[in-house]
Amino acid sequence: MSRIQTTFATLKQHGKTALVPYITAGDPHPKHTVNLMHTLVKCGADMIELGVPFSDPMADGPVIQRASERALKHKVGLTAVLQMVKDFRAVDQKTPIILMGYANPIEAIGAKAFADRAKAADVDGVITVDYPPEECAVYVQELRSRDIDPIFLLSPTTEPSRVDLIVKQASGFVYYVSLKGVTGAANLDINEVSGRVAEIRKKTNLPVGVGFGIRDAATAKATAAIADAVVVGSRIVTTIESSTDENLLHNVAALMTELKTAVDAAKQ
Amino acid sequence: MQLYDMPDARGHFGQFGGTFVAETLVEALDELRLMYEKYRHDPVFLAEYAYDLKHFVGRPSPIYHAKRLSDKVGGAQIYLKREDLNHTGAHKINNTIGQALLAKRMGKPRVIAETGAGQHGVATATIAARMGLECVVYMGSEDIKRQAPNVFRMKLLGATVVPVESGSKTLKDALNEAMRDWVTNVHNTFYIIGTVAGPHPYPMMVRDFQAIIGIEAKQQMQEMVGRQPDAVVACVGGGSNAMGIFYPYIDVPNVRLIGVEAAGHGLETGMHAAPLTTNSPVGVLHGNRTYLMQDNDGNIIETHSVSAGLDYPGVGPEHAWLKDIKRAEYVAITDDEAMAAFHNLCRTEGIIPALESSHALAHAEKMAKTMRKDEIILVNLSGRGDKDINTVAKLANITL
C-alpha cells in the first residue's frame, strides 16, 4: 500500500477525516519550507500538499500567485522543491507528500525523468492542474509504474461521463474542487458540495478530498463531515504572508491547531 | 498531393496544440468545440459573418503595390495586404466578429478578452458594443502605459479595462487573468481569445476567422498581377495575422511563408520575444503545447519587444507545426530594424504602420534586396500605427 492509501485506511479505522494543508515551496523563503512542513505535521496535518512555484499559475487566485512570486524570487523551481522533500524525508518517513503544480515544469524535464526524480525524493502523489487525463497518458503511466499516485481534480462542471474517465486514471484519492473559480475564491456552498461528493462516491471507491474555498474552522468542519480529506490552501498561505520570520511557525501552528480541532469534531 | 488537414479532432498539430486546462474549463471548451463544429459550415452563420465583414469592417481590404518603397529598397516588388484599413485599425476585428456571433448563439451575455497592444481589446469592445454584450478586457499594466490611446478607445466603447499587475504585466499575464475570470464566470461568459493560441478549439477557430485575409489575397493577387507572390511575410506574436494569411497558401506550391518574430534588443541579449527563431524548448502554457521561452525549471521568462502585440513568450501551436514540417520559415527583427521600417513606410508611402507590422516590413525590405525586380513579396500590413505614436515619440525623444 502507498503512504496515501495507508493514511486513508488508518483514518477510516478511527472514523476521521484527513486534514491536508497546502503551502507553496519556497514561500516566504526556502529556508523555512522544511520547518514549516514539520510544524504542519506536528499540528495535525495528515498529508501535505506542496506547491511547485510556477511563473503563470492560471488556476490560482492572488494569494497563491503571490506565494509563487515570492518563491520564484529565490529561484525555487522543481529541482529545489524535490530537494526539500528529500530533506523533509530525512526526519519524517510517514507523512504523504503531494506535489501540486502546473504542467510546464514537468514538460521541461519530461514525464519519465520527472517520475524518476519524484520517486528518488520519495514523493507520494502529484496533482498537475493543467493536465486533464486526455493529455497526460504517459505521465500517468510513468507515475503509476513507480507507485506514485496521479491525483486528478473534479469540478462542479465535470460531466458524469467524465467522472468515469477521470476516476479510472486516478489513484490515491480524487480531489473535488468545491467551486467554480480560482483557489481562495468565494465561500463554498456546502449543500451543493455534499450532493456532488455523494455522486462521485457512486462512481469510485477512492477517497474524495475537497478543496478550494475552505477558509476557516467552520467551513473546514462542515466539509470534513462529508469528505475524506479537507484541503486548506489560501487561508494558510495568507497567514504565511502576514507573518514575520520570528512568528511564522507560531502563527501557522495556531491556525493548524484550530483547523485540526474543527476537522476532528466533524465526525464525532 | 495530400492536402493540409490540421488539427486532429482534439486540436493537435502533431505534438503541438491540445487542451491543457484545469478541469473546470473542460466542459466549457467541449461546449465551444461542439458549437463551433455546428456553425463553422452553417450558411446562415457564415452569411452573418460575411455581412459584418463587408458592411461593418469594410472588407475586402485592398492589396496595394508599395512602388516607391520597392524602388527605394531596390529588388523585389513589395505588396501590402491592407488590414490596417479595417474598422478599428487591424486584422483583430475579423476574429472578434466570428466569436461574438458564436457567443450570441450560445446565449452568453458577457464577453472577456486579453489584449497586448490593445487592438484585440478594441476589436472585442467594438463588437460587444455592436451586439449589446457586456465586455471586460484584461490588459497588463505595462501595456496600458504604452498603449494609452487604445485603452481610452475601449473605455469609450463601454468596456471595462482591468489592469493586470501580476508577473511581467504584459500580454501573457493578461491571458492568465482572463482565464481566471473565465473559470469563475464560465456559466455566462464567452472568452474571446485574440490569437491562434489557447486550448483547442481556439487556435483552429481563430485561424479560420482570420483566413479571410489569405482567401482575399489569393484572389486579389491573381486579379492584380496574374499570379501569386513568391513570398508572404507576416509578423508573429501569438501569430493570428500570420496564420490568417498563411493558411490559404499552405497548399499553394512555390509560395514561401515567412513569419517574423520580435528580436527585441537582439537575439544575443536574451531580451526578445522570438521562441521559434531561437529554437526554444517545447512546453505547455495557456492551454496548448508549443515552443516556449522558459528557464531550466520550466518557468516562463520575461520577453521584450518594442511592440506590445509581439511581446509573448510562446507562439500559436500551428506555427510550431509549420516550422517543424518546414512549410513556413521563421526569422526575427530587432526593435531598431522595425523602427526604421516604420519611418520608411510613413515617408515613402504615406502609411503609418503598426509597430507589429513594421517587423514584417523590415524583413520584407531585407529580402527584397536579395531578389529580382520581377519577384513579389506580399506583406500582411496587419494594423495601423496610430496607437503607437506615443511609443515612437518617446523613442525619438519627441514631446507630443
Side-chain angles (χ1 to χ4, degrees), chain A residues 52-62 65-66 68-69 71-72 75-81 101-110 114 127-136 152-159 161-163 165-166 174-177 179-183 185-186 212, chain B residues 9-12 15 17-31 164-168 172-189 198-200 280-290 292-302 313-314:
Chain A
V52 181
F54 182 50
S55 53
D56 295 78
M58 278 178 295
D60 285 301
Q65 284 175 53
R66 288 197 299 269
S68 248
E69 286 178 7
L72 287 172
K75 307 237 176 299
V76 178
L78 182 55
T79 306
V81 176
Y102 291 81
N104 203 50
I106 297 173
E107 296 265 319
I109 56 171
F114 168 69
I127 303 171
T128 305
V129 178
D130 49 352
Y131 263 163
E134 294 91 338
E135 296 282 8
C136 62
F152 285 94
L153 305 181
L154 295 169
S155 88
T157 60
T158 306
E159 295 281 340
S161 60
R162 269 184 70 75
V163 176
L165 171 88
I166 292 169
V174 291
Y175 185 144
Y176 180 66
V177 174
L179 48 84
K180 289 179 213 159
V182 293
T183 51
F212 282 41
Chain B
R10 297 210 60 84
H12 297 106
Q15 66 165 321
T19 314
F20 293 88
V21 294
E23 182 57 30
T24 310
L25 289 178
V26 169
E27 199 229 341
L29 287 164
D30 267 347
E31 186 193 6
V164 177
E165 300 287 353
S166 58
S168 58
K172 82 169 172 74
D173 310 287
L175 225 150
N176 292 340
E177 209 54 42
M179 285 272 186
R180 291 181 187 119
D181 179 314
W182 200 31
V183 93
T184 308
N185 300 300
V186 64
H187 57 285
N188 75 341
T189 297
H200 182 60
S280 297
V282 173
V284 165
L285 182 69
H286 296 150
N288 68 92
R289 185 179 275 134
T290 188
L292 272 182
M293 291 174 56
Q294 53 184 302
D295 65 17
N296 291 336
D297 278 320
N299 286 303
I300 308 309
I301 52 181
E302 291 196 8

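Numbers restart at 1 for each chain; the letters A, B, ... are given by sequence-line order, proteins then strands.
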Checklist entry - Can you tell which of A:Ile106, A:Asp130, A:Val129 has the highest number of heavy-atom pairs within less than 4.5 Å of chain B? => result A:Asp130

Next on the checklist: Please rank A:Ala108, A:Ser68, A:Pro156, A:Ala59 by heavy-atom pairs under 4.5 Å with chain B and give me the top one.
Outcome noted: A:Ala108

At their closest point, which heavy atom of [X] faces which heavy atom of [Y], and how far apart are they?
X: B:Ser166; Y: A:Gln65; answer: CB-OE1, 3.5 Å
X: B:Gly298; Y: A:Phe54; answer: O-CE1, 3.2 Å
X: B:Asn299; Y: A:Ser55; answer: OD1-N, 2.9 Å
X: A:Leu154; Y: B:Glu23; answer: CA-CG, 4.1 Å
X: A:Glu135; Y: B:Thr19; answer: OE2-N, 2.6 Å
X: B:Gly167; Y: A:Glu69; answer: N-OE2, 3.1 Å

Checklist outcome for this item: Of B:Leu175, B:Val183, B:Leu25, B:Asn176, the one forming a side chain to side chain contact (heavy atoms under 4.5 Å, CB included) with A:Met58 is B:Asn176

Checklist entry - Are B:Asp295 and A:Lys75 close enough that some pair of their side-chain heavy atoms sits under 4.5 Å apart? => result no

Checklist entry - So do A:Asp56 and B:Lys172 actually touch side chain to side chain, heavy atoms under 4.5 Å? => result yes

Measure distances from [X] to the heavy atoms of chain A and classify the residue's part below 4.5 Å as side chain, backbone, both or neither.
X: B:Asn296; value: backbone
X: B:Leu292; value: side chain
X: B:Val26; value: side chain
X: B:His12; value: side chain

Contact origin within [X] toward chain B - heavy atom pairs under 4.5 Å:
X: A:Ile166; result: side chain
X: A:Pro57; result: both
X: A:Arg66; result: neither

Checklist entry - What residues, two or more places apart in sequence or in another chain, satisfy side chain to side chain contact (heavy atoms under 4.5 Å, CB included) together with B:Glu27? => result A:Thr157, A:Glu159

Item to check | Qualifying residues under side-chain hydrogen bond (donor to acceptor under 3.5 Å, both in side chains), relative to A:Asn104, sequence neighbours excluded | outcome: B:Gln294

